[in-house]
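For reference, the structure is listed below as structure tokens.
Values in this document were obtained by computation on a predicted structure and should not be read as measured data. This chain uses plain numbering: 1 for the first residue, then up along the sequence.
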Amino acid sequence: MQTLFVVLHLIVTLILIVVVMAQEGKDPGMRGIQGASSDMGDSFFKKNGGTTKEAMFTKLTTTVAILFLITTMALVILK
């Protein structure tokens with residue numbers, strides 16, 4: 001049983017790392033030098049808050065992080 005949770009935990013960990021690394025940063029980068037706002041030019045995507053790629057990544061990150069917490073707690077209880 002413990003081996004199953006270890007394997008599941010490793011899979012969830014790898015998925016969490018990939019999802020976090022795939023997200024874009026909030027830093028405006030070079031646009032910030034010119035005084036541009038970080039949401040400049042993104043007005044179309046900001047209107048569709050729940051359907052953007054950013055919103056989907058946020059929901060996916062939250063879901064995988066909760067799974068990570070559950071598998072961690074299960075491993076602590078099993079040991």
Side-chain angles (χ1 to χ4, degrees):
M1 186 67 138
Q2 186 176 1
T3 307
L4 174 70
F5 276 104
V6 169
V7 170
L8 183 63
H9 188 70
L10 288 174
I11 292 169
V12 169
T13 303
L14 291 174
I15 292 171
L16 184 61
I17 290 170
V18 169
V19 168
V20 169
M21 294 300 288
Q23 292 182 16
E24 293 183 20
K26 304 254 185 228
D27 184 25
M30 293 300 285
R31 290 189 293 170
I33 292 174
Q34 300 168 348
S37 152
S38 63
D39 63 349
M40 201 170 183
D42 293 338
S43 62
F44 174 75
F45 295 110
K46 294 297 178 187
K47 290 179 193 172
N48 302 324
T51 59
T52 63
K53 184 169 68 169
E54 180 180 331
M56 290 188 309
F57 270 125
T58 302
K59 290 176 186 175
L60 185 61
T61 303
T62 304
T63 304
V64 176
I66 291 170
L67 284 173
F68 179 80
L69 177 68
I70 291 170
T71 57
T72 302
M73 294 303 289
L75 285 172
V76 168
I77 291 171
L78 288 176
K79 284 192 176 191

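The minimum heavy-atom distance linking Gln2 with Leu78 is given by the pair CA-CD1, 4.1 Å.
Interatomic distance, CD of Gln23 versus NZ of Lys53, reported as 10.5 Å (0.5 Å rounding). Within the model, atoms CZ of Phe68 and OG1 of Thr61 stand 13.5 Å from one another, a figure rounded to the nearest 0.5 Å. For the atom pair Thr72 OG1 and Ile77 CD1, the distance stands at 11.0 Å (nearest 0.5 Å). Note that the CG atom of Leu16 and the OG1 atom of Thr63 stand 11.0 Å from one another [nearest 0.5 Å].
Both Leu60 and Val20 belong to a common hydrophobic cluster when Ile, Leu, Val, Met, Phe, Trp and Tyr are linked at side-chain heavy-atom distances under 4.5 angstrom.
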Atom pairs and distances, donor-acceptor, side-chain atoms in residues 5-15, under 3.5 Å, two or more places apart:
{"residue": "His9", "atom": "ND1", "partner": "Thr71", "partner atom": "OG1", "Å": "2.7"}
{"residue": "Thr13", "atom": "OG1", "partner": "His9", "partner atom": "O", "Å": "2.6"}

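Summarising the hydrophobic clusters (Ile, Leu, Val, Met, Phe, Trp, Tyr; side-chain heavy atoms under 4.5 Å, direct or chained), the residues clustered with Leu69 are Met73.
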